[in-house]
Amino acid sequence: MKRIYKKLLVLCISIGLCAMALSGCGQDSESEAATFPMPDGPEESTIYVEPVADISDDFIRGMDASSVLVEENSGVTYYNYEGEKQDVFMTLAQSGVNYIRIRVWNDPYDENGNGYGGGNNDVETAIALGKRATQYGMKVCIDFHYSDFWADPKRQHAPKAWEGMKADEKCDALYEFTKESLTEILDAGVDVGMVQIGNEINNGMAGEVFLPTITDMLRSGSRAVREISPKYGKDIKIVVHYTNIEDNGSIDGLVSNLAHADLDYDMIGLSYYPFWDGSNENMQKVARHIKEAYGKEVIIAETSYCYTSEDGDGNANSLAGTDDLVDGYAASVQGQASMIRDICAAANEVGVAGVFYWEGTWIPVGKATDDNSPIWEKYGSGWASSYASDYDPDDAGLYYGGCSWDNQAMFDFDGHPLASLNVFKYLKYGATAPLAVDSVPDIYVSLSVGSDIVLPQMADVIYNDRSANKQSAVTWDEAQLSAIDTSKGGSYEITGYLEDDITVTCYLTIDMVNYAVNPSFEETNLSMWNVAYEGSSNPTDFQVKSDDAHTGDVAFHFWSESDMDFSIEQELIDLEPGTYQLSVYAQGGDMSEDSVLELYAIVDGEELSSPFMLTTWADWKNPVIPKITVTDGTLTIGVRMKCNAGSWGTVDDFALNKISD
């Protein structure tokens with residue numbers, strides 16, 4: 001009954017969307033796919049785009065648009081560049097997008113037919129979206145997750161229907177699901193050119209973590225695609241998709257395993273988010289190695305960047321667009337366009353087949369000041385609904401909600417296309433615009449208590465045409481400087497004045513003396529830290545990985561396949577008597593609700609503590625013990641955790657500051 005209900009619902013939606021598309025473009029549904037001419041030279045625009053002169057017309061300029069259907073069901077309207085309502089797929093095609101990527105989940109509904117959210121991306125939804133993409137001349141990449149919900153390095157849940165299956169049974173089920181689903185999609189007329197057999201499968205797939213089993217499942221998916229594609233006269237590319245490409249050795253090991261297993265596939269897909277996954281140069285290094293060492297094509301399967309630091313729906317953004325930006329790229333429409341142009345240029349330089357932008361159509365539902373939860377719940381337009389809690393208890397069960405990606409869309413919060421969307425059609429010949437300042441990056445300065453105030457004399461100025469970037473002399477506001485008290489800790493904002501009425505902001509921090517020794521674990525000698533744990537194996541290590549450190553390159557890291565009970569602490573002696581404050585930073589995820597995490601201090605035989613909980617990657621928690629009275633000069637500080645198997649995270653930057661005598 002549930003499947004019949006879903007099919008009827010999608011049929012009704014499809015009829016309505018078809019009518020909308022017909023009224024928007026005047027096409028008959030039986031006519032050939034619409035095509036839109038690409039520029040034959042540079043065009044004038046409100047953004048500046050440097051041309052990539054040698055880029056091929058066949059370079060994949062892709063867009064993941066998996067959430068469009070639930071967005072529209074939730075009341076979102078998409079417009080064209082003239083401000084008229086228009087099928088968003090037509091707007092994408094007009095902007096130079098030539099490939100649409102659509103994720104597919106097996107059964108993203110609970111037993112009552114309530115959707116898990118995140119697009120409710122079942123096969124029927126893929127058909128509805130794929131037909132619209134095909135109508136406007138774009139090819140389609142089908143991204144099988146082999147899960148009922150999100151699949152990524154943190155989670156690879158098996159579909160509900162596969163629970164309890166042995167490995168060989170899962171392989172058979174995966175083969176049948178791939179074959180049946182792809183057949184349905186092709187029978188519907190979707191122009192499939194590429195199929196992903198799994199999504200970001202670095203650490204597992206469909207509930208399995210044993211590498212030979214994962215390889216067997218990939219082989220089953222590949223076999224299904226190879227059997228289906230000739231029947232439709234298609235050469236469908238098979239993609240194996242990985243992420244975390246900053247770890248070059250791990251990626252090489254995974255691709256090497258595919259070669260040793262003689263897996264039949266065509267392309268390696270790489271997720272590359274420049275704010276998480278390293279530099280363009282490292283991305284090129286990884287892609288070049290795969291092509292040269294293993295003879296496989298490479299595609300950037302996911303990338304993105306923000307155009308604003310604003311939050312559109314009241315659900316916090318994954319990329320805040322403030323201090324987490326990539327140097328040289330502002331949270332602006334121009335910054336977004338420059339970032340995507342530069343990624344495409346770097347990819348093209350090493351022979352990468354193309355780039356898919358991730359979820360550029362996922363815009364807010366409602367306003368940031370509204371309670372949008374009922375709509376997210378009903379239509380699945382948030383990243384997760386409460387109905388996903390049983391299936392995904394460690395993530396959706398803890399913090400389901402709206403969209404954290406709306407400031408990285410390529411449409412504004414009201415559904416109008418941004419000028420940056422046209423970067424795809426501008427890649428070959430570029431776009432001109434009057435020279436203008438895009439941003440003046442904020443300046444951050446930290447000084448110790450009692451230090452003289454020394455601020456930079458020059459500031460970077462970034463233009464839309466980045467060849468014009470320069471440094472400009474700064475004059476700092478004297479009144480604000482005179483108000484700074486360097487005798488104690490504090491934070492200040494100082495305005496600087498540049499030429500042409502341009503201003504810059506300096507964020508100055510006066511740091512109190514930190515009495516913790518080697519508080520960020522950056523020094524090689526770690527003997528001052530005592531690590532204790534229950535069980536036969538230590539679930540912790542000092543990890544050298546800047547992406548997981550709060551500052552610097554090193555952090556105290558934990559993960560285990562079994563439950564964990566551990567602590568890290570330091571004993572301090574000869575402290576001056578007085579009142580101190582203790583704090584630390586920690587991030588991580590996949591925590592069960594009964595996990596116990598505490599920052600603690602032991603003084604005069606008494607323990608003080610501050611509990612905290614970790615939610616997701618890079619969501620740094622900062623527990624504080626605000627008042628610790630030291631009388632005999634001795635104090636023990638530390639963090640302890642009792643947490644579930646599979647949970648993970650890092651601890652960094654202990655701070656013990658004296659706040660009064």
Side-chain angles (χ1 to χ4, degrees), residues 39 42-53 55 61 63 79 81 83 91-92 94-97 272-275 279-280 303-312 317 319-348 355 357-361 363 405-443 459-472 498-505:
E43 294 196 353
E44 293 184 4
S45 178
T46 57
I47 57 170
Y48 177 87
V49 178
E50 182 181 355
V52 185
I55 199 165
R61 301 157 169 86
M63 176 70 68
Y79 300 87
Y81 291 97
T91 304
L92 292 173
Q94 290 172 332
S95 305
V97 175
Y272 172 53
Y273 295 101
F275 41 91
S279 64
N280 276 347
T303 194
S304 68
Y305 202 65
C306 60
Y307 75 92
T308 179
S309 59
E310 297 297 314
D311 171 27
N317 295 330
L319 177 63
T322 50
D323 58 355
D324 52 358
L325 293 170
V326 177
D327 288 345
Y329 298 89
S332 65
V333 174
Q334 178 66 59
Q336 185 183 59
S338 296
M339 174 61 81
I340 299 311
R341 179 267 169 206
D342 288 354
I343 291 173
C344 289
N348 180 69
V355 170
Y357 194 94
W358 196 75
E359 284 285 18
T361 58
I363 63 176
W405 218 256
D406 48 46
N407 70 327
Q408 296 190 69
M410 301 191 92
F411 291 76
D412 69 18
F413 291 167
D414 296 316
H416 299 89
L418 302 172
S420 52
L421 178 59
N422 274 322
V423 71
F424 296 105
K425 75 175 183 180
Y426 294 155
L427 285 175
K428 187 169 186 177
Y429 296 106
T432 60
L435 186 65
V437 174
D438 184 34
S439 67
V440 181
D442 295 332
I443 295 172
D460 292 326
V461 181
I462 297 175
Y463 289 85
N464 54 355
D465 178 354
R466 294 172 56 171
S467 67
N469 289 359
K470 66 179 183 180
Q471 285 199 321
S472 183
L498 290 67
E499 60 185 7
D500 300 326
D501 296 323
I502 301 171
T503 61
V504 63
T505 300

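What's counted below: heavy atoms across the whole structure, side chains too, no hydrogens, waters or symmetry copies. Keep in mind that this is a model prediction, so the values were computed, not measured.
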Residues 428-442 vs salt bridge (Lys or Arg N to Asp or Glu O under 4.0 Å), sequence neighbours excluded, gives D57-K428
For N348 and V52, work out which heavy atoms get closest and say how close.
-> ND2-CG1, 4.0 Å
Just do the side chain to side chain contact (heavy atoms under 4.5 Å, CB included) check on N469 and D460 with the steps written out, would you?
-> CA-CA 7 Å; N469 289 359; D460 292 326; over 6 Å; no
If you measure only the distance, is there a donor-acceptor pair under 3.5 Å linking the side chains of Y79 and D414?
-> no
Give a yes or no on this: more than 12 heavy atoms of other residues, nucleotides or ligands lie within 6.0 Å of atom CD of E310.
-> no
Heavy atoms only: give me the nearest T308-N407 pair and the separation to one decimal.
-> O-ND2, 2.9 Å
Does the side chain to side chain contact (heavy atoms under 4.5 Å, CB included) test come out yes or no for V461 and V437, once each step is laid out?
-> CA-CA 7 Å; V461 181; V437 174; 4.0 Å; yes
Answer whether the closest heavy-atom distance between the side chains of V326 and M339 falls below 4.5 Å.
-> yes
Those residues at least two apart in sequence (or on a different chain) that pass ring-ring contact (aromatic ring centres under 6.0 Å, His included) with Y273 are F275, W276, W405
Once you round to the nearest 0.5 Å, how far does OG of S420 lie from CD1 of I340?
-> 8.5 Å
Is S95 close to Y81 at the side-chain level, that is, under 4.5 Å between some pair of heavy atoms?
-> yes
Q334 versus N464, side-chain donor and acceptor atoms under 3.5 Å | no
Indicate yes or no: at least one non-hydrogen side-chain atom of I47 is less than 4.5 angstrom from one of Y426.
-> yes
Closest non-hydrogen atom pair between I363 and A409, with its separation = CG2-CB, 3.8 Å
Which value, rounded to the nearest 0.5 Å, describes the distance between I443 atom CD1 and T505 atom OG1?
-> 9.0 Å
Residues two or more places apart in sequence or in another chain: which of them pass side chain to side chain donor-acceptor pair (under 3.5 Å) with D324?
-> none
Report the C-alpha distance between F424 and L92 in whole Å, list the side-chain angles of each, state the deciding distance to 0.1 Å, and finish with yes or no for side chain to side chain contact (heavy atoms under 4.5 Å, CB included).
-> CA-CA 9 Å; F424 296 105; L92 292 173; over 6 Å; no
Side chains of R341 and Y48: do they bring a donor and an acceptor to under 3.5 Å?
-> no
Do R61's NZ or CZ and the ring of Y357 fall within the cation-pi criteria of under 6.0 Å and 45°?
-> no
Measure across S45 and A431 and return the closest heavy-atom pair with its distance rounded to 0.1 Å.
-> CB-CB, 4.0 Å
N317 vs C306 side-chain heavy atoms within contact, under 4.5 Å = no
Report the C-alpha distance between I462 and Y329 in whole Å, list the side-chain angles of each, state the deciding distance to 0.1 Å, and finish with yes or no for side chain to side chain contact (heavy atoms under 4.5 Å, CB included).
-> CA-CA 8 Å; I462 297 175; Y329 298 89; over 6 Å; no
What distance separates L418 CG from M410 CE, expressed to the nearest 0.5 Å?
-> 7.0 Å
Tell me the salt bridge (Lys or Arg N to Asp or Glu O under 4.0 Å) pairs involving residues 328-340, sequence neighbours left out?
-> none
Value rounded to 0.5 Å, distance of CD in E50 from CG in D465 = 7.5 Å
Apply side chain to side chain donor-acceptor pair (under 3.5 Å) to Y307 and D412, showing your working.
-> CA-CA 9 Å; Y307 75 92; D412 69 18; 6.0 Å; no
Hey, are S338 and Y305 close enough side-chain-wise for a donor-acceptor pair under 3.5 Å?
-> no
Please list, chain by chain and in numerical order, all residues satisfying side chain to side chain donor-acceptor pair (under 3.5 Å) with E359, sequence neighbours excluded.
-> S67, R103
Ignoring hydrogens and geometry, is there a side-chain-to-backbone donor-acceptor pair from T303 to Y272 under 3.5 Å?
-> yes
Pair S304, Q408: side-chain N/O donor-acceptor within cut-off below 3.5 Å = yes
Return the set of residues passing salt bridge (Lys or Arg N to Asp or Glu O under 4.0 Å) with E499 (not counting sequence neighbours), or none when no residue passes.
-> K470
Answer whether the closest heavy-atom distance between the side chains of V440 and T503 falls below 4.5 Å.
-> no
Can you measure from CD (E43) to CG (N422) and round to the nearest 0.5 angstrom?
-> 7.5 Å
Between S332 and Q336, is any side-chain donor less than 3.5 angstrom from a side-chain acceptor?
-> no
Of all heavy-atom pairs linking L421 and M63, the shortest is CD1-CE, 4.0 Å
Separation between CG (D406) and OG1 (T361), nearest 0.5 Å, reads 12.0 Å
